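These notes concern the structure reproduced below.
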Protein chains: 2
Amino acid sequence: MTSTERHATGRPATLHDVARLAGVSIATASKALNGRKHVSATTRAEVLEAAALLAYSPNTLARGLVAGRTGMVGLLTSDLEGRLSIPILMGAEDAFGADRTSVLLCDARGDAIREGHHLRTLLSRRVDGLIVVGARPDPRPSIGRDLPVPVVYAYAPSADPDDLSLVSDNVTAGRMAIEHLTGLGRRTIAHITGDPTYGAAQDRAKGALAELAARGLPLAGDRVHFGAWTEAWGRSATRTLLAQHVAIDAVFAGSDQIARGVIDALHEEGLEVPRDVAVIGFDNWEIFATSSRPPLSSIDMNLETLGRVAAERLAAAFDGALGSGVEQIPCRLVPRESTVAA
Amino acid sequence: MTSTERHATGRPATLHDVARLAGVSIATASKALNGRKHVSATTRAEVLEAAALLAYSPNTLARGLVAGRTGMVGLLTSDLEGRLSIPILMGAEDAFGADRTSVLLCDARGDAIREGHHLRTLLSRRVDGLIVVGARPDPRPSIGRDLPVPVVYAYAPSADPDDLSLVSDNVTAGRMAIEHLTGLGRRTIAHITGDPTYGAAQDRAKGALAELAARGLPLAGDRVHFGAWTEAWGRSATRTLLAQHVAIDAVFAGSDQIARGVIDALHEEGLEVPRDVAVIGFDNWEIFATSSRPPLSSIDMNLETLGRVAAERLAAAFDGALGSGVEQIPCRLVPRESTVAA
DNA sequence: TTGTATGCGTTATCAC
DNA sequence: GTGATAACGCATACAA
């Protein structure tokens, strides 16, 4: 076998080939293969046999040309690591049914020019819809008002309220964290989180504060400790708190990385987790949460669900109605050892 | 604006519309838009203006139907996190040119059934080629010998030597790590790595041992410490070494996670990195390498390059020739503070 | 029940 | 230089 013969060179069989082999017209062959009425059982069997013999696989492009639908959706992301877009993609695949709809993934790498470029090629490929995934959970510019296809924004909402956006319910997630910690009997809880310019950081803090207030509890350290989404910040903020002799029996961290820094610093000060201080993170980034000592309780943003709902909204839009505004997707708490009862 | 009007309902403009508006035939319009010869400058300008006016965007499907090429490649992955497939995807996008070729990403989630399913839909969409990305760097079953399109395996090679596979050059990478550490003056180097059933683990160890032998140096601890790809293993292996009073001034870790465990254990024993012990990891997983204390030197597998080469091989195959066998892609060493000179 | 003919949007081959 | 016209592969309304 020479290198040129690696893949079969002959064009794939067409409906025409099948029809000819079965001795019928392409119209009949088409009906038979698509399970339409008005075909005798015997001819149907013959057509099916011919198709099997030729390893016939219908050309989805040609089908899309006549149907006016390609069965493809574009996933336009700016998420360099795929940490967001892959779960969202999988959720969307599940909802669509992988055989009916395929996903074209394009990474704009945070570049508006490249995004516009990808948008144009996706539209020229006549995708049936678009899912736009932002890199950070804050409003981003709308990709355009009068696009020929429905668009759903996931994770990062569109700045245009007429667009439909799907975001994580960070406020409720903040409440959940506090609810969980107080359920363990903890009463002096600190909140160490990331960059205050992130709406998500503000929302999580807002939810946490509201839940603390509802329970008549103060926030340990008297204020939310905003900083950066890094282990280093988690460590330094924790050390600051301990140096000030703030009594804490739990920390709600704004991300799993911050949580790891918090745990590190606690250990260095001779405090044990969760016995002395319970710690909960955010994101449920498996690789961090499970390799932490002890394994880290965390809040999962249900990104697969986000992708699934995005797909459902798009599917509904194909039949006419696309909503607008921002839809909140609930998070879920994943308990691990860092917050077991003392 | 009601919800149904969110996206423009009218079908996108066709070549026919442009031709009619410009007052020419569709043949002329086609030539003008595609920059072909035999079109007067004035009519070309008129056509271009009409196209701009109608926001005309050529239907890539129809174009592909006649051209016999879709300009799409399938990326079939089993990599649940996207840590492999996203860099590979980006490399492929770069090599193809994002406007000429789009990538259909399908995640088989390690399920052979689902993989076959995705394969069929990709073929029915008439992708021009296929890139298959495995979850672990060991031979995997070929996806099929007589596919109608060229296939390139990336990261995980195909078990069939007639297929073309692209893998990281782990042997040389192992040599590089030792070369780097000895260049720092380190002479008692241990190798703590992951699951011994991984060919990559064996290859890296092989390279490291060869390089040590070439320099007349022994392996600290007398043997390669195989275990698991986890921080926990990095910690426990390190503790074992220290408990045996093995003198070490450097550790080559088989992954960044293992390296973090190693560093943790060293710190707990009062040893400083890199002053007392230099540590280098593998994978260059940014989030781990940069958040480590100190930042972790590591070996990058150049996954973007792998994707780029995969795209180049596919492109060559479109014009006839696809090679076979396993092609080694070189890794590169990324130095950070964990291995600065003492 | 089956076959004929038309159109989906483009490109390319030819006449003019 | 320009414009009919035939593919490309498929689905379907309509005629037989």
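Quick note on labels: first sequence line is chain A, next is B, and so on, each numbered from 1. Hydrogens, waters and symmetry mates are skipped; everything else that's a heavy atom, side chains included, is used. Predicted model only: the values in this text are computed from it and were never measured.
Here C:dG9 presents its P atom at 8 Å from CG of B:D17, a figure rounded to the nearest Å. For A:R36 and D:dC10, the CZ to P distance is 16 Å, given to the nearest whole Å. Protein atom CG of B:L33 is 11 Å distant from nucleotide atom C1' of C:dT10, rounded to whole Å. Counting to the nearest Å, the C1' atom of D:dG9 and the CG atom of B:N59 are 14 Å from each other. Between the CZ atom of A:R63 and the C1' atom of D:dC8 there is a distance of 16 Å, given to the nearest Å. Separating the CZ atom of A:R20 from the C1' atom of C:dT4 is a distance of 18 Å, rounded to the nearest angstrom. Going from atom CZ of A:R11 over to atom C1' of D:dA7 covers 12 Å, rounded to whole Å. Taking atom CG on A:L61 and atom C1' on C:dC8, their separation rounds to 12 Å, with Å as the unit.
Between A:R125 atom CZ and B:R63 atom CZ the span is 10.0 Å, to the nearest 0.5 Å. Taking CE from B:M72 and CG from B:L61, the interatomic distance works out to 7.0 Å, rounded to the nearest 0.5 Å.
Side chain of A:D169 to main chain of A:I329: no donor-acceptor pair is present (N/O by atom type, distance under 3.5 Å, no hydrogens or angles). Without hydrogens or angle criteria, B:N34 side chain to B:R36 main chain gives no donor-acceptor distance under 3.5 Å.
Contact annotation for A:R44: no contact, since no heavy-atom pair falls under 4.0 Å across all strands. Among the atoms of the strands shown, base atoms are found under 4.0 Å from some heavy atom of B:T28. A:V39 comes within contact range of the sugar-phosphate backbone alone, with a heavy-atom separation under 4.0 Å but no base atom that close. B:S40 comes within contact range of the sugar-phosphate backbone alone, with a heavy-atom separation under 4.0 Å but no base atom that close.
The nucleotide whose nearest atom lies closest to any side-chain atom of A:L15 is, among D:dC10, C:dT2, D:dT12, D:dC10. Candidate nucleotides C:dT10, D:dC10, C:dC8 were compared by shortest atom distance to the side chain of B:V66, and C:dT10 ranks first. If you check C:dG3, C:dG9, C:dT1 against the side chain of A:H38, the one that comes closest is C:dT1. Of the candidate nucleotides C:dT11, D:dA4, D:dG9, D:dA4 has the atom nearest to the side chain of B:S25. Of the candidate nucleotides D:dT2, C:dT2, C:dC8, C:dC8 has the atom lying nearest to any side-chain atom of A:L65.
Contact check, A:S30 against D:dA11: a side-chain N or O comes under 4.0 Å of OP1 or OP2.
In this model, a side-chain donor or acceptor of A:K31 finds a partner on the base of C:dG3 within 3.5 Å.
A donor and an acceptor atom, one from each side chain of B:T77 and B:D107, are nowhere located under 3.5 Å apart.
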